[in-house]
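These notes are about the structure you will find just below.
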Number of protein chains: 2
Amino acid sequence: MAPQNPSLDIIFAALADPTRRAILGMLLEDDMAVTDVAAPFEVSLAAISKHLAVLVTAGLIRQERRGRIIWCKLEPEGLRSASVWMQGFGQFEPVDLDDFERFLLAELGGAPSEGKEQP
Amino acid sequence: MAPQNPSLDIIFAALADPTRRAILGMLLEDDMAVTDVAAPFEVSLAAISKHLAVLVTAGLIRQERRGRIIWCKLEPEGLRSASVWMQGFGQFEPVDLDDFERFLLAELGGAPSEGKEQP
DNA sequence: TCCATATTCAACCCAGCAGTTAAGTAAGCA
DNA sequence: TGCTTACTTAACTGCTGGGTTGAATATGGA
């Protein structure tokens, strides 16, 4: 249902929204049901549902119904084309995973990561 | 004049537009004057001027006046934070520069790279 | 000094996106 | 069969983004 090769337009646009990036960060830890994804945010469930649809269209997540629950899971390959594109400019730098951790924490600061972790 | 640490919001939004990505691709080869940047595109000069302003705000290019010409040059460091963020999800694969070349060609297909190359 | 070149600014139009609420569908359960 | 949970769709609103044209600014050259 999600296009195979979403354009960079679609992918970068999907990544441009902080709510959506936060969602991706949450899904990095674990698959989640839509309702649980929505929980930490202040916007309506319908709004989150739309965000998820955008992420699906961008090929960044996949949704899978099991019973009446729809599970959302990260689709890391979806980032590949964008990653390739960016690194063409980046030439340089090796990735610093600590930097990434810091980003996630900073971003999730606004949208707590669901209390699964220790208090 | 451009903010030091443009947010990922701003950076990804800047990258989400094909015209702006094409501009970045052109600047990868060489610094260019605004008029020359605009030449291959079908939109007005004013529109390109706005695109360039967006790229400056995102910290992806820098503009420098020399005489009456304003030179635009790539600011590759501007992609760093976004790159770090993405690779946090990408974990994986080393960059394939050939992939990147292909992207550029594909994208510039719509907006020829200024006729500097051979006919 | 006057004109041409290079670029931005201002005002406006229109399309699309993030958000809302309310209604609709789908699945499990009593 | 009917209620509840889980989610999406529809219809609407307000704002932003990319485009336009036309005027304004800045610089270099005759």
Side-chain angles (χ1 to χ4, degrees), chain A residues 1-2 6-24 26-27 30-58 60-73 107 110-111 114, chain B residues 1-2 6-24 26-27 30-58 60-73 107 110-111 114:
Chain A
M1 211 161 257
S7 69
L8 292 179
D9 290 36
I10 306 287
I11 297 174
F12 281 127
L15 294 177
D17 185 281
T19 301
R20 287 193 291 260
R21 285 197 310 279
I23 291 174
L24 291 177
M26 290 160 63
L27 292 179
D30 221 337
D31 300 356
M32 296 175 75
V34 173
T35 310
D36 294 330
V37 169
F41 298 97
E42 289 183 336
V43 299
S44 70
L45 181 62
I48 296 297
S49 178
K50 281 190 192 175
H51 279 303
L52 290 171
V54 170
L55 290 171
V56 168
T57 300
L60 298 176
I61 69 170
R62 202 156 41 96
Q63 289 187 306
E64 188 177 318
R65 169 159 237 145
R66 206 143 57 223
R68 56 181 161 178
I69 292 186
I70 295 185
W71 294 91
C72 308
K73 68 185 318 169
E107 291 220 293
E114 223 234 343
Chain B
M1 212 160 257
S7 69
L8 292 179
D9 291 36
I10 305 288
I11 297 174
F12 281 127
L15 294 177
D17 185 280
T19 301
R20 287 192 291 261
R21 285 198 310 280
I23 291 174
L24 292 177
M26 290 160 62
L27 293 179
D30 220 337
D31 300 357
M32 295 175 76
V34 173
T35 309
D36 293 330
V37 169
F41 298 97
E42 287 184 336
V43 299
S44 70
L45 181 62
I48 296 297
S49 179
K50 280 191 193 176
H51 280 304
L52 290 170
V54 170
L55 290 171
V56 168
T57 300
L60 299 176
I61 68 170
R62 205 157 37 95
Q63 289 187 307
E64 187 179 316
R65 169 159 236 145
R66 208 144 55 224
R68 56 181 161 177
I69 292 184
I70 295 184
W71 294 92
C72 308
K73 68 187 315 171
E107 290 222 294
E114 223 234 343

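Chain naming here is simple, since letters A, B, ... match the order of the sequence lines and numbering starts at 1 in each.
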Let's see if you can work this out: which of D:dG18, D:dA26, C:dG19 has an atom nearest to the side-chain heavy atoms of A:Ala47? C:dG19
On DNA chain C, does the nearest nucleotide to A:Gly67 precede the nearest nucleotide to A:Val43 from the 5' side, or the other way round? Give the residue. A:Val43
Can you list everything that forms a salt bridge (Lys or Arg N to Asp or Glu O under 4.0 Å) with B:Arg62? Sequence neighbours excluded, please. B:Glu64, B:Glu75
In whole Å, I'd like the distance from the CG atom of B:Asp17 to the C1' atom of D:dG19. 11 Å
Measure distances between side-chain N and O atoms of B:Lys50 and base N and O atoms of C:dT7, and say whether any donor-acceptor pair falls under 3.5 Å. no
Please report the interatomic distance CG(A:Leu60) to CG(A:Leu52), rounded to the nearest 0.5 Å. 11.5 Å
Run the side chain to side chain contact (heavy atoms under 4.5 Å, CB included) test on B:His51 and B:Phe41 for me, step by step, so that the C-alpha distance in whole Å, both residues' side-chain angles and the decisive distance to 0.1 Å come before the verdict. CA-CA 12 Å; B:His51 280 304; B:Phe41 298 97; over 6 Å; no
I need the CD1-P distance between B:Ile70 and D:dT25, as an integer number of Å. 16 Å
Between atom CG in B:Leu45 and atom P in D:dT25, what is the gap in whole Å? 18 Å
Classify A:Arg20 by what it touches in the nucleic acid, base, sugar-phosphate, or nothing, heavy-atom distance under 4.0 Å. sugar-phosphate
Out of C:dT20, D:dT8, C:dT7, minimum distance to the side chain of A:Ser49 belongs to D:dT8
Grab the CZ-P distance between A:Phe41 and D:dC7 for me, whole Å please. 15 Å
Heavy-atom nearest nucleotide on DNA chain C taken for A:Ile48 and for B:Thr35; more 5' hit belongs to B:Thr35
Take atom CH2 of A:Trp71 and atom C1' of D:dC7, then tell me their distance rounded to the nearest Å. 14 Å
From D:dG18, C:dT8, C:dA18, nucleotide with atom closest to B:Val54 side chain: D:dG18
Could you tell me whether the phosphate oxygens of D:dG19, OP1 or OP2, come under 4.0 Å of any side-chain nitrogen or oxygen in B:Ser44? no
Provide the closest heavy-atom pair for B:Ala38 versus B:Ile48 in the form atom of the first, atom of the second, distance. CB-CG1, 3.7 Å
Any B:Gln63 side-chain N or O less than 4.0 Å from OP1/OP2 of C:dT8: yes
Among D:dT20, D:dT4, C:dA26, which is the nearest nucleotide to the side chain of A:Arg68? D:dT4
For D:dG17, does either OP1 or OP2 sit under 4.0 Å from a side-chain N or O belonging to B:His51? no
In whole Å, what is the span from the CG atom of A:Asp9 to the P atom of C:dC17? 12 Å
Once you round it to whole Å, what is the distance between P of D:dA6 and CE of A:Met32? 14 Å
B:Ile69 has an atom CD1; how far is it from atom P of D:dG28, in whole Å? 10 Å
Just call it for B:Ala46: base, sugar-phosphate, or nothing, with non-hydrogen atoms closer than 4.0 Å on any strand. base
Distance from B:Leu15 atom CG to B:Leu55 atom CG, nearest 0.5 Å? 8.0 Å
